[in-house]
Amino acid sequence: MKYLIVGLGNKGPEYENTRHNIGFKVAEKIAETLEAPFNTTNFGWMAEGKYKGRKVLILKPDTYMNLSGNAVKFWMQKENIPLENVLIITDDLVLPFGTLRMKMKGSDAGHNGLKSINEMLQTQNYARLRFGISADFSEGRQADYVLGTWNEEENEKLGERIEKFSKASLSFIFAGIGNTMSAFNGK
């Protein structure tokens, strides 16, 4: 059984520690936990590992956020991974900082990465793990906020939150989405 975990973000050092790149950070933690190094490949960086006997592909797309769907679709087809074995990790402005929300389906909620995935897969019915980044910005400053770096208080809590999201992602692989949602949502 194969799984594809995709952490959304933007390539380049200028984006590395931004709120919009939290998907990359969680993907890196999962790969570290599985002792699976990232290698450059088609559409990004891929780490391959095993978790409780299941093959796990961890992808950080290099397509920039707005074209994330290209990478997801390519790797799903190349590795013959069914939609129910795909997990997308992304930031979410609606949720308070660090809040974990896993869902089986839903709209893109204005998120360009999810919008691209929805368009390429022609469905909204895939698992996504949303990392709350809050909406602490003034009107018209959303792009600056999501592409901005974490504040001091957020930085202090970030490591623990990334660890929690990594555990939820691995739970998705072994326990399934329903059990994972029950165990982790809102925590």
Side-chain angles (χ1 to χ4, degrees), residues 4-32 38-47 57-75 86-103 106-121 124 126-166 168-169 184-187:
L4 177 62
I5 297 176
V6 183
L8 297 185
N10 287 311
K11 65 181 176 179
E14 68 272 30
Y15 298 110
E16 186 176 348
N17 293 309
T18 64
R19 291 177 180 90
H20 221 24
N21 267 35
I22 193 62
F24 276 15
K25 295 295 183 188
V26 175
E28 290 163 4
K29 183 63 178 176
I30 296 164
E32 177 186 310
F38 279 98
N39 295 299
T40 303
T41 188
N42 293 324
F43 291 103
W45 302 273
M46 179 75 75
L57 303 174
I58 307 152
L59 175 66
K60 298 188 310 181
D62 68 358
T63 56
Y64 290 106
M65 194 66 76
N66 297 355
L67 298 173
S68 298
N70 295 335
V72 173
K73 184 175 181 179
F74 175 85
W75 283 103
V86 174
L87 176 64
I88 308 297
I89 304 167
T90 186
D91 59 294
D92 191 314
L93 282 168
V94 175
L95 299 173
F97 169 78
T99 301
L100 185 152
R101 171 103 19 97
M102 185 176 281
K103 295 175 72 175
S107 74
D108 59 53
H111 193 286
N112 289 331
L114 294 177
K115 188 178 297 182
S116 172
I117 294 167
N118 291 353
E119 288 171 5
M120 290 304 292
L121 300 184
Q124 297 178 6
Y126 54 86
R128 74 270 326 260
L129 179 57
R130 296 178 181 250
F131 188 108
I133 62 170
S134 76
D136 190 18
F137 57 90
S138 53
E139 189 173 338
R141 307 297 297 182
Q142 179 175 332
D144 293 334
Y145 180 75
V146 299
L147 295 176
T149 56
W150 304 98
N151 66 38
E152 188 177 326
E153 184 181 336
E154 292 167 334
N155 262 321
E156 288 175 11
K157 299 174 182 172
L158 203 53
E160 181 273 327
R161 298 315 301 153
I162 290 171
E163 177 75 29
K164 178 73 80 178
F165 276 73
S166 172
S169 300
F184 287 91
N185 273 356
K187 300 199 167 83

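The side chain to side chain donor-acceptor pair (under 3.5 Å) test applied to S169 returns no partner, not counting sequence neighbours. With sequence neighbours excluded, the residues satisfying side-chain contact (heavy atoms from CB on, under 4.5 Å) with S107 are A109, Q124. Every residue meeting the side chain to side chain donor-acceptor pair (under 3.5 Å) condition with D92, not counting sequence neighbours, appears here in chain and number order: R130. Annotation: side-chain contact (heavy atoms from CB on, under 4.5 Å) contacts of K25 (sequence neighbours excluded): E16, N17, I22, E28, I162. Scored by the side chain to side chain donor-acceptor pair (under 3.5 Å) test, D144 finds R141 as partners (sequence neighbours excluded). Remark: K157 engages E153 in a salt bridge (charged side-chain N to carboxylate O under 4.0 Å, His left out) (not counting sequence neighbours). Looking at residues two or more places apart in sequence or on another chain, you find no salt bridge (charged side-chain N to carboxylate O under 4.0 Å, His left out) involving K73. Residues that satisfy the side chain to side chain donor-acceptor pair (under 3.5 Å) test with N118, not counting sequence neighbours, are Y126. In this structure D136 satisfies the side-chain contact (heavy atoms from CB on, under 4.5 Å) test together with S134, Y145, sequence neighbours excluded. Under the rule for a salt bridge (charged side-chain N to carboxylate O under 4.0 Å, His left out), R101 has no partner lying at least two apart in sequence or in another chain. Applying the ring pair (Phe, Tyr, Trp, His ring centres under 6.0 Å) rule to F43 yields the partners F74; only residues at least two apart in sequence or on another chain are considered.
Sorted by first and then second residue, the salt bridge (charged side-chain N to carboxylate O under 4.0 Å, His left out) pairs with a member in residues 62-71 form an empty list; sequence neighbours excluded.
Using a 30° and 60° split on the angle between ring planes, W150 and F97 fall in the perpendicular class, above 60°.
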